[in-house]
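Residue numbers begin at 1 in each chain, while the letters A, B, ... track the order of the sequences. For the numbers below, each heavy atom of this structure counts, side chains included, while hydrogens, waters and symmetry mates do not.
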Number of protein chains: 2
Amino acid sequence: MSKTAAKDRTQITMRDIARMAGVSESTVSRALAGSQLVAEHTRLRILELARSTKYAVNEHARNLALGQTRTIEVLFPIERGTLQRVSDPFFVDMVAELIDALSTHDYDVLLSTSPPWSEVRPGCAFLGGRADGVIFVGQGRHREEIAEFARDNRIVVTWGAGGRRDEGCVIGTDNVRGGYLAARHLIALGRRQIAFLGDCTLPEIEERYEGYCAALREAGMEPGDALRINAPFDIDGARTVTVGLDRFGRHFDAIFAASDMIAMAAMANLQAAGARIPDDVAVVGFDDVAMAAHMHPALTTVRQNIAEGAQLMTAKIMAMLQGEKPKGEMLPAKLIIRDSCGAPLSMRQESGDQT
Amino acid sequence: MSKTAAKDRTQITMRDIARMAGVSESTVSRALAGSQLVAEHTRLRILELARSTKYAVNEHARNLALGQTRTIEVLFPIERGTLQRVSDPFFVDMVAELIDALSTHDYDVLLSTSPPWSEVRPGCAFLGGRADGVIFVGQGRHREEIAEFARDNRIVVTWGAGGRRDEGCVIGTDNVRGGYLAARHLIALGRRQIAFLGDCTLPEIEERYEGYCAALREAGMEPGDALRINAPFDIDGARTVTVGLDRFGRHFDAIFAASDMIAMAAMANLQAAGARIPDDVAVVGFDDVAMAAHMHPALTTVRQNIAEGAQLMTAKIMAMLQGEKPKGEMLPAKLIIRDSCGAPLSMRQESGDQT
DNA sequence: CTGTTAGCGCATTCAC
DNA sequence: GTGAATGCGCTAACAG
């Protein structure tokens with residue numbers, strides 16, 4: 001009973017409508033595919049029949065015959081089992097844009113959280129021919145595994161920290177530059193004790209930290225661990241920020257947060273502690289999520305162009321499907337100056353914020 | 001060239017490893033399926049061979065033969081083409097939990113944003129046998145279409161506003177109750193001019209508004225349009241809030257926002273305008289996203305248990321797959337009292353907030 | 001223009 | 001225990 005249930009759903013097949021139309025399956029197939037090799041009236045008759053019977057071609061059979069899937073697997077960097085939830089608007093946007101971009105090319109999106117190297121079962125892991133390619137949305141703590149996977153499989157694109165080594169096609173924002181811009185901006189505003197909030201064990205974050213360090217050194221300051229607060233993305237991230245802030249008290253006059261969500265949490269914590277933003281502490285975030293412009297004060301941040309990123313990744317993977325071997329690319333980071341950093345109005349015009 | 005590229009990827013098949021192992025395909029199939037009808041040593045040999053050659057069964061062929069897909073389609077309520085982006089952490093969480101719950105049952109998730117009724121192409125729309133069932137994450141502006149679709153197709157579960165009529169299996173938070181709790185709470189705190197922020201053309205929001213109205217009437221007040229501010233979820237939502245607030249000035253002393261994101265935006269706008277929260281304006285949100293507890297002031301909100309919702313939807317759809325016909329269910333809404341409403345400490349103990 | 005044939009990769013009766 | 005045969009639903013040559 002339980003076994004048959006799924007199989008029972010006597011799906012109407014191509015043969016059925018072929019019989020109903022009094023033609024062969026081939027003709028139906030052609031008609032549905034919009035082939036020119038079929039008379040207009042029979043085509044219309046078949047189409048009408050298909051609509052009225054709510055027939056839809058079985059994609060499995062189709063893909064099996066065609067040897068393709070028209071599906072891209074999108075892998076999330078969420079640690080399963082752990083309570084780590086990302087819950088960052090950045091990901092919704094990215095996935096939504098990815099779906100948009102891919103469906104423009106008539107590709108479906110198979111979403112997953114368990115990477116191919118976590119082989120729970122023998123041969124049932126990943127690209128079982130269900131997807132033509134894979135997109136990793138972020139590297140998480142698996143940069144090496146992803147790189148290796150990309151070397152083994154042709155059709156792989158990953159979003160994350162730029163490939164210095166042979167990591168396949170990696171697309172991402174210029175995190176180093178972004179971090180640099182953020183820190184330089186704060187320094188230009190006269191801040192000297194700039195705390196960094198973020199988990200540097202994540203490749204993207206590490207790059208942002210790197211840029212931050214570069215800006216500091218350029219200004220003759222030496223970045224120190226005392227101003228580096230480990231703030232993970234997970235659900236406890238904000239709490240960690242609190243702890244961090246408590247720990248360092250007012251030993252800093254600015255914060256560069258590795259993500260907007262972290263920045264928002266930090267701002268709330270600071271304000272709760274009575275600090276004025278940006279007067280006492282200037283804050284700069286990273287991502288420019290939709291909420292950023294609507295915080296109080298409005299968040300100065302480094303914008304990642306998600307739509308462009310999604311489209312670029314899609315283009316890359318389409319190219320790979322065509323047999324090409326595209327290289328990774330870096331999207332420019334852009335500083336969006338708002339209120340949380342305390343910049344004078346004169347500086348904003350240059351940044352060209354269109355909020 | 002471009003046509004062949006995809007097909008060229010000479011996937012190693014079952015026949016290949018059958019030959020290599022010197023057995024028949026049947027035996028390989030059985031070995032990989034963990035059947036008892038195969039000698040231990042040959043099984044191990046085959047498994048080893050499969051691993052070393054990185055072989056993975058072709059899911060299309062498998063599904064075609066089995067008549068099932070082990071895939072659930074998850075539909076997003078995002079309007080394609082429009083610039084409407086949800087970008088709400090609520091969705092990441094929901095999708096992540098859904099993936100978790102479904103993969104526990106060995107089901108994959110096919111993500112999509114184009115509903116089955118938007119038949120762009122003839123017969124290539126939706127359940128082309130690629131998925132065993134569908135989950136709608138929210139009804140958006142398509143409650144009727146979804147209801148109809150659920151009537152036609154057996155395996156459909158939707159998250160949203162409870163089914164008063166024959167809408168199939170609808171799971172959702174008790175929005176009416178949630179709205180009622182929020183408004184009642186504000187009234188109990190002495191607020192009298194309670195604005196409602198949200199787009200009532202969305203079923204879930206409409207229900208929250210309904211509960212809000214019930215609480216007002218219970219207290220002898222008549223809800224009026226003057227206090228109802230249309231604040232859509234999309235990217236311009238926060239801006240609309242601003243407009244709304246400007247329009248009404250200080251004619252309200254409290255706000256019930258239909259989502260936490262709206263609440264946060266409203267809070268920021270209020271604070272920017274010099275209003276003190278909760279002194280001048282008390283705020284209550286809806287969802288309890290991770291950020292809510294880390295706002296300043298911490299947001300009082302109505303919690304939706306997303307994990308439970310995802311698990312429940314998964315359970316329902318699994319039941320449907322077994323041939324059962326489960327009914328929709330409503331998850332309890334829970335008021336989480338924090339700081340933005342100005343409630344005295346004594347009220348919090350009762351609410352049992354575990355932040 | 002249309003029907004016939006063959007095969008995509010795998011699971012599953014059956015025989016052996 | 002294992003192999004041979006059959007079919008899942010569809011597409012793509014191949015003949016008419």
Side-chain angles (χ1 to χ4, degrees), chain A residues 3-4 6-46 50 53 55-70 122-124 127-132, chain B residues 3-4 6-46 50 53 55-70 122-124 127-132:
Chain A
K3 299 279 289 279
T4 56
K7 210 163 185 173
D8 275 354
R9 50 165 199 175
T10 321
Q11 270 276 116
I12 165 171
T13 90
M14 204 143 140
R15 182 157 66 215
D16 295 325
I17 76 156
R19 270 203 276 263
M20 297 167 96
V23 295
S24 75
E25 290 185 50
S26 321
T27 305
V28 177
S29 174
R30 282 190 275 255
L32 262 34
S35 164
Q36 300 301 308
L37 304 169
V38 56
E40 185 64 12
H41 63 281
T42 72
R43 208 244 308 273
L44 289 176
R45 185 157 44 98
I46 290 173
T53 57
Y55 166 76
V57 303
N58 181 316
E59 295 289 336
H60 286 303
R62 175 167 214 275
N63 290 331
L64 183 56
L66 250 37
Q68 59 166 31
T69 71
R70 287 261 149 201
C124 200
L127 259 182
R130 245 177 351 226
D132 294 334
Chain B
K3 299 278 293 275
T4 55
K7 207 163 186 173
D8 276 354
R9 52 165 197 175
T10 322
Q11 270 277 116
I12 167 172
T13 89
M14 206 146 143
R15 181 156 70 216
D16 295 325
I17 76 154
R19 270 203 275 263
M20 297 168 97
V23 296
S24 74
E25 289 186 49
S26 322
T27 305
V28 177
S29 174
R30 281 190 275 256
L32 261 35
S35 164
Q36 300 302 308
L37 304 170
V38 58
E40 185 64 12
H41 63 282
T42 74
R43 207 242 312 273
L44 290 176
R45 186 157 44 98
I46 291 173
T53 57
Y55 166 76
V57 303
N58 181 316
E59 297 289 337
H60 287 303
R62 176 168 213 274
N63 290 332
L64 183 56
L66 251 36
Q68 59 167 31
T69 71
R70 287 260 149 205
C124 202
L127 258 184
R130 244 176 353 221
D132 294 334

Would you name the heavy atoms of [X] and [Y] that are closest together and state the gap between them?
X       : Y       : value
A:Val57 : A:Arg62 : CG2-CD, 4.1 Å
A:Glu25 : A:Met14 : O-CE, 3.3 Å
A:Tyr55 : A:Thr13 : CE1-C, 3.6 Å
A:Ala21 : A:Ile46 : CB-CG1, 4.2 Å
B:Val38 : B:Ala31 : CG1-CA, 4.2 Å

Filtered N/O pairs between nucleotides 7-10 of chain D and protein, under 3.5 Å:
{"residue": "D:dC8", "atom": "O2", "partner": "B:Ala65", "partner atom": "N", "Å": "3.3"}
{"residue": "D:dG9", "atom": "N2", "partner": "A:Ala61", "partner atom": "O", "Å": "3.3"}
{"residue": "D:dC10", "atom": "OP1", "partner": "A:Tyr55", "partner atom": "OH", "Å": "2.4"}
{"residue": "D:dC10", "atom": "OP1", "partner": "A:Asn58", "partner atom": "N", "Å": "3.2"}
{"residue": "D:dC10", "atom": "OP2", "partner": "A:Met14", "partner atom": "N", "Å": "2.5"}

Open item on the list: Rounding to 10°, can you tell me the angle the first-five-pair axis of the helix from C:dC1-D:dG16 to C:dC16-D:dG1 makes with its last-five-pair axis?
Closed with: 40°
Measure [atom1]/[X] against [atom2]/[N] and give the value in whole Å, please.
X       : N      : atom1 : atom2 : result
B:Asp16 : C:dC8  : CG    : C1'   : 14 Å
B:Leu32 : C:dG9  : CG    : P     : 16 Å
A:Arg43 : C:dT2  : CZ    : P     : 11 Å
A:Leu37 : D:dG16 : CG    : P     : 18 Å

Open item on the list: Would A:Asn63 and A:Thr69 count as a side chain to side chain donor-acceptor pair (under 3.5 Å) here? Give the steps.
Closed with: CA-CA 5 Å; A:Asn63 290 331; A:Thr69 71; 5.8 Å; no
- [ ] Would you give the length of the straight line joining atom CD of A:Glu59 to atom NE2 of B:His60, rounded to the nearest 0.5 angstrom?
- [x] 9.0 Å
Open item on the list: Once you apply a heavy-atom cut-off of 4.0 Å, does A:Val23 come out as touching a base, just sugar-phosphate, or nothing?
Closed with: sugar-phosphate
Open item on the list: Apply side chain to side chain contact (heavy atoms under 4.5 Å, CB included) to residues B:Leu44 and B:His41 and explain how you reach the verdict.
Closed with: CA-CA 5 Å; B:Leu44 290 176; B:His41 63 282; 5.8 Å; no
TODO: Apply side chain to side chain donor-acceptor pair (under 3.5 Å) to A:Ser29 and A:Ser26, showing your working.
DONE: CA-CA 5 Å; A:Ser29 174; A:Ser26 321; over 6 Å; no
TODO: Go through the N and O atoms of the side chain of A:Arg30 and the base of C:dG3, and report whether any donor-acceptor pair is under 3.5 Å.
DONE: yes
Task: Phosphate OP1/OP2 of C:dT4 contacted by A:Ser26 side-chain N/O (<4.0 Å) - done: no
Open item on the list: Using the side-chain heavy atoms of A:Ser24, tell me which of these nucleotides is nearest: D:dG1, C:dG3, D:dG3.
Closed with: C:dG3
